[in-house]
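Each residue takes its place number in the sequence, starting with 1.
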Amino acid sequence: MSTIPSGYTIARNALQGLPLHKVDLRLNKDIKIAGSTKLSLIGEVYNVFNHQNYGSYNTSLSATSAATTALFGQPQQNSANAFVPREGQLAFRLSF
């Protein structure tokens with residue numbers, strides 16, 4: 001088992017993250033009902049290709065735990081909006 005020397009500093013920008021790949025799609029259909037009244041049908045899909053996007057990386061190092069150090073630099077799932085798996089929603093809007 002190798003140990004991390006005391007006072008070791010990781011160089012600036014040593015960890016380069018993976019790029020963010022996200023394609024969103026929106027379909028909209030307007031239907032005129034009567035006079036100036038219209039109905040809009042809306043369908044949206046976020047992250048169409050369901051690409052895995054990671055927002056953070058493990059930056060923990062440990063001189064006493066090899067298991068912790070082994071995870072260094074590995075991506076971690078982030079629950080922020082930009083990093084969620086494929087989602088969809090349907091909606092309608094009535095304008096008059």
Peer 1: Using 0.5 Å steps for rounding, measure from the NZ atom of Lys32 to the NZ atom of Lys38.
Peer 2: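 Going from the NZ atom of Lys32 to the NZ atom of Lys38 covers 10.5 Å.
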Peer 1: When you measure from the side chain of Arg86 to the backbone of Val48, do you find a donor-acceptor pair of N or O atoms at a distance under 3.5 Å?
Peer 2: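 Side chain of Arg86 to backbone of Val48, a donor-acceptor pair under 3.5 Å: yes, one is there.
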Peer 1: Write down the atom of Tyr46, the atom of Asp24, and the distance for their closest heavy-atom approach.
Peer 2: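 Smallest heavy-atom distance, with atoms named: CA-OD1, 3.3 Å.
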Peer 1: Indicate, with yes or no, if Phe96 and Leu41 share a hydrophobic cluster defined by side-chain heavy-atom contacts under 4.5 Å among Ile, Leu, Val, Met, Phe, Trp and Tyr.
Peer 2: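 Yes: a chain of side-chain contacts under 4.5 Å links Leu41 to Phe96.
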Peer 1: Find the distance between OG (Ser95) and CG (Leu39) and round it off to the nearest 0.5 Å.
Peer 2: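 Rounded to the nearest 0.5 Å, the OG-CG separation comes out at 8.5 Å.
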Peer 1: Kindly write out the residues that satisfy side-chain hydrogen bond (donor to acceptor under 3.5 Å, both in side chains) with Thr37, not counting sequence neighbours, or none if the list is empty.
Peer 2: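 If we apply the side-chain hydrogen bond (donor to acceptor under 3.5 Å, both in side chains) test to Thr37, skipping adjacent residues, there are no hits.
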Peer 1: Please identify each residue that fulfils side-chain hydrogen bond (donor to acceptor under 3.5 Å, both in side chains) with Asn50, with sequence neighbours left out.
Peer 2: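 For Asn50, no residue satisfies side-chain hydrogen bond (donor to acceptor under 3.5 Å, both in side chains) once neighbours in sequence are set aside.
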Peer 1: With clusters defined by side-chain heavy atoms of hydrophobic residues (ILVMFWY) lying less than 4.5 Å apart, directly or transitively, does Ile31 cluster with Leu27?
Peer 2: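 No, it is not one cluster - the side chains of Leu27 and Ile31 are not joined through contacts under 4.5 Å.
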Peer 1: If you take all heavy atoms of Leu90 and Gly43, which pair is closest and at what distance?
Peer 2: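 Smallest interatomic distance, heavy atoms only, reads CD2-CA, 4.0 Å.
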Peer 1: Can you tell me how far the CD1 atom of Ile33 sits from the CG atom of Leu94, to the nearest 0.5 Å?
Peer 2: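 That separation rounds to 5.5 Å.
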Peer 1: Does Arg93 reach the side chain of Ile42, with side-chain heavy atoms less than 4.5 Å apart?
Peer 2: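 Yes, close enough: below the 4.5 Å cut-off.
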Peer 1: Measuring from Asn47:CG to Lys22:NZ, what's the distance to the nearest 0.5 Å?
Peer 2: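 The distance works out to 6.5 Å.
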Peer 1: What are the two closest heavy atoms between Asn28 and Ser40, and how far apart are they?
Peer 2: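 Asn28 and Ser40 have their closest heavy atoms at OD1-CB, 3.9 Å.
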